[in-house]
2 protein chains.
Amino acid sequence: MPTTRRPTSRDVAQAAGVSQSTVSLVLGGKWPGRVSPATAGAVRRAAERLGYRPNLAARNLRLGTTRTVLLVVPTLSNPFFGDVYTGAAEVAARHGFRVVVYPWPDGAWPGDPWSPGHAGPFASPREAIDGVLATALAADVLEEFSDTPAVMLDNDPAGAAPTVDFAVADGMRALVAHLGGLGHRRFGHVAAAVDQWTFRERGGALAAAVDALPGGALVRTTAAIDAGAAKEAAGRLLDLPDRPTVLVCDDDLMAAGAYKAARARGLDIPGDLSVTGFDDDVLATALEPELTTVRLPARRLGAEGMAALLELLDGRRPGPRSLPGELVVRASTAPPPRR
Amino acid sequence: MPTTRRPTSRDVAQAAGVSQSTVSLVLGGKWPGRVSPATAGAVRRAAERLGYRPNLAARNLRLGTTRTVLLVVPTLSNPFFGDVYTGAAEVAARHGFRVVVYPWPDGAWPGDPWSPGHAGPFASPREAIDGVLATALAADVLEEFSDTPAVMLDNDPAGAAPTVDFAVADGMRALVAHLGGLGHRRFGHVAAAVDQWTFRERGGALAAAVDALPGGALVRTTAAIDAGAAKEAAGRLLDLPDRPTVLVCDDDLMAAGAYKAARARGLDIPGDLSVTGFDDDVLATALEPELTTVRLPARRLGAEGMAALLELLDGRRPGPRSLPGELVVRASTAPPPRR
DNA sequence: CTGAAAGCGCTTACAG
DNA sequence: CTGAAAGCGCTTACAG
């Protein structure tokens, strides 16, 4: 009477008075037409009674698949990537896959696992995996996984791997249209000092859209994705002789920094200065005034990315997908001050 | 010539001109004294050349362990739990374990995977696992995993399972000492409407510490862990005839709500009202003024929790551990206004 | 409709 | 020092 051992399909078979292969057929859902309903029922009851859970290692070994996908993110300290994970893991779970997170350090994000004060780097993922889902990476990183089917998230669609992207350029254009409509002409860009497609794309779209605005002018500064660094960078723009009437920030957290720079100079938001973010994370509604931003559906990015990867693993070739970002107008934008 | 197949230890053996068991010995690090250094070197070179990665499924099947641990969290949209994961996964990786996240919905956190608008719940973790690391749970949830070794994180140390906790009561006492030293006597508690040990503990410690303060008085209100709900709840306290001079909030995000309630009433922080949080997440320094709070080392919680679970799986019985929270004094607290 | 058997890729006694 | 062999728990032809 095995009390300590985890029950196997063999135990279930014995309890149900059938063969192990019958158990496998029934629990695998392949029994109709091959096993009598009565037997199937008995098997299921026995499995339930014993609290049987299939050993995935055995299943995967037999099937020759690991059913494991690696999700490469810069950090999980940012809720954006937590949401990406959640979306990916949901879709994966429905297909019997699991998602292992590999925090790839790129130094650009707060909470980076290789940052100082950190206990030590993750071990490199030396296990065999079926595929890779990689977010927001420098291009060279992908080489590390070059022998594996991969889908890039929020990365250059011109690359070799299939991509699922946000339409960040559209989002930026919608933002400029909103701001232009309010009367803004002098734009400041508080850009993320991160060499990634998504940020290059935002910068390019912003520049083009402001250019297309009659009388539009743009000044630009860069900072790490961090409130303190963004505050300092935004301050440089605000100290300009002909300072911008709106600060467009590459990230909600950077917008929080811009708020602080404005307050330090006695500028009211949005009366004296409009500020916008990007992402729409919890921060956006935690700030005062609430932040006008572009919502990037992070969870959907993870979900669609996993769906694309599953297609790829299935031998199909997923086309590039683009997820719309939604302009969310809140209280941090208003017409520029009269002068 | 297998080009598409993943190389196995058998392929490495063939390439190195040795047997498969020798490869296993060498790559498993058990060769010294059993395999000649020259052979070991040849094996390693062959493995490297072929890009060999061990099949974990086969290894785990053979070893009779899944080397998988389930981390149960309410959400990953909160960076706190992202950090817990990171800490747990680091320690796990060093011991050849992997961590599968199971977002257990309890409805108390923003971004809850079962909240409306969500695509659907995760599949129940039906796979066999070695152990469970469970954070911030209602006690009844643990039953779901009752047949599995488990460590509770930030949960009641009086329970049956080993625990790793924050010394939240100490943290709260340090906070009250700081505030009492500034001269505060009328305290408002913006409490999380969540029935969990950690919040009961905070509430109890706050009440006791204020009680011990000569002339100390405490009013209390509850809200969901959400800026909007906290704003409303804080507002109720601020509209009291004899309103508190400080709002002690159970979470940084709730403190952001308190900021908004104060601003809506024209109250300056910290001139007219002091506000404190709990956690010290990114939000704390993104707010203006920066938030006085109690830092809870989330990553360490995950790391120590995993270490305890590993001990448990090793047959030892880990004692309860408690991680100190650190009072971080920033700009949101000051002496109460003179009246 | 049901069962006996092979085999996925490892680790580890065991034999030489 | 090295190799042949057993067996972990599954899935799936294959035979009855």
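Lettering follows sequence order; numbering is per chain, from 1.
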Expressed as a whole number of angstroms, how long is the span from [X]:[atom1] to [N]:[atom2]?
X	N	atom1	atom2	value
B/N55	D/dG9	CG	C1'	14 Å
A/R62	C/dA6	CZ	C1'	8 Å
B/L50	C/dG9	CG	C1'	15 Å
A/R34	D/dA15	CZ	C1'	14 Å
B/Q20	D/dG3	CD	C1'	10 Å
B/L25	D/dG3	CG	P	11 Å
B/R53	C/dG9	CZ	C1'	17 Å
A/R10	C/dA5	CZ	P	11 Å

I want to verify a distance call: between [options], whose nearest atom is closest to the [X] side chain?
X	options	result
A/L63	D/dT11, C/dC10, D/dG3	D/dT11
B/V18	D/dT2, C/dA4, D/dG3	D/dG3
B/A58	C/dG9, C/dT11, C/dA5	C/dG9
A/L61	C/dG9, C/dG3, D/dT11	C/dG9
B/S24	C/dT12, D/dG3, D/dG9	C/dT12
B/S21	C/dC8, C/dT12, D/dT11	C/dT12

[Y] side chain reached by [X] side chain, heavy atoms, under 4.5 Å:
X	Y	answer
B/P7	B/R49	no
A/S9	A/Y52	yes
B/F97	B/L309	no
A/N55	A/R59	no

In residues 35-47 of chain B, which residues come under 4.0 Å of DNA chain D by heavy atom? B/V35, B/S36, B/T39

With a 4.0 Å cut-off, would you call B/R299 and B/E90 a salt bridge? yes

Exceeds 12 heavy-atom contacts within 6.0 angstrom, atom CD of A/Q14: no

Whether over 12 other heavy atoms sit under 6.0 Å from A/R316 CZ: yes

Can you tell me if the side-chain N/O atoms of [X] get under 4.0 Å from OP1 or OP2 in [N]?
X	N	value
A/T22	C/dG3	yes
A/K30	D/dT11	no
A/S19	C/dG3	yes

May I ask you to say what A/S9 touches in the nucleic acid, namely base, sugar-phosphate or nothing, with a heavy-atom cut-off under 4.0 Å? sugar-phosphate

Counting the atoms with a prime plus P, OP1 and OP2 as sugar-phosphate, which does A/R59 contact under 4.0 Å by heavy atoms, base, sugar-phosphate, or nothing? sugar-phosphate

Looking at B/N60 and B/A57, would you say the former's side chain and the latter's main chain have a donor-acceptor pair under 3.5 Å? no

Once side-chain hydrogen bond (donor to acceptor under 3.5 Å, both in side chains) is applied, do any residues pair with B/T22, and if so which ones, sequence neighbours excluded? B/S19

Verify whether one side chain among B/S24 and B/S21 offers a donor that lies under 3.5 Å from an acceptor in the other. no

Per the 3.5 Å Watson-Crick/G-U criterion and a run length of at least three, the stems involving DNA chain C are C:1-3 with D:14-16, C:5-12 with D:5-12, C:14-16 with D:1-3

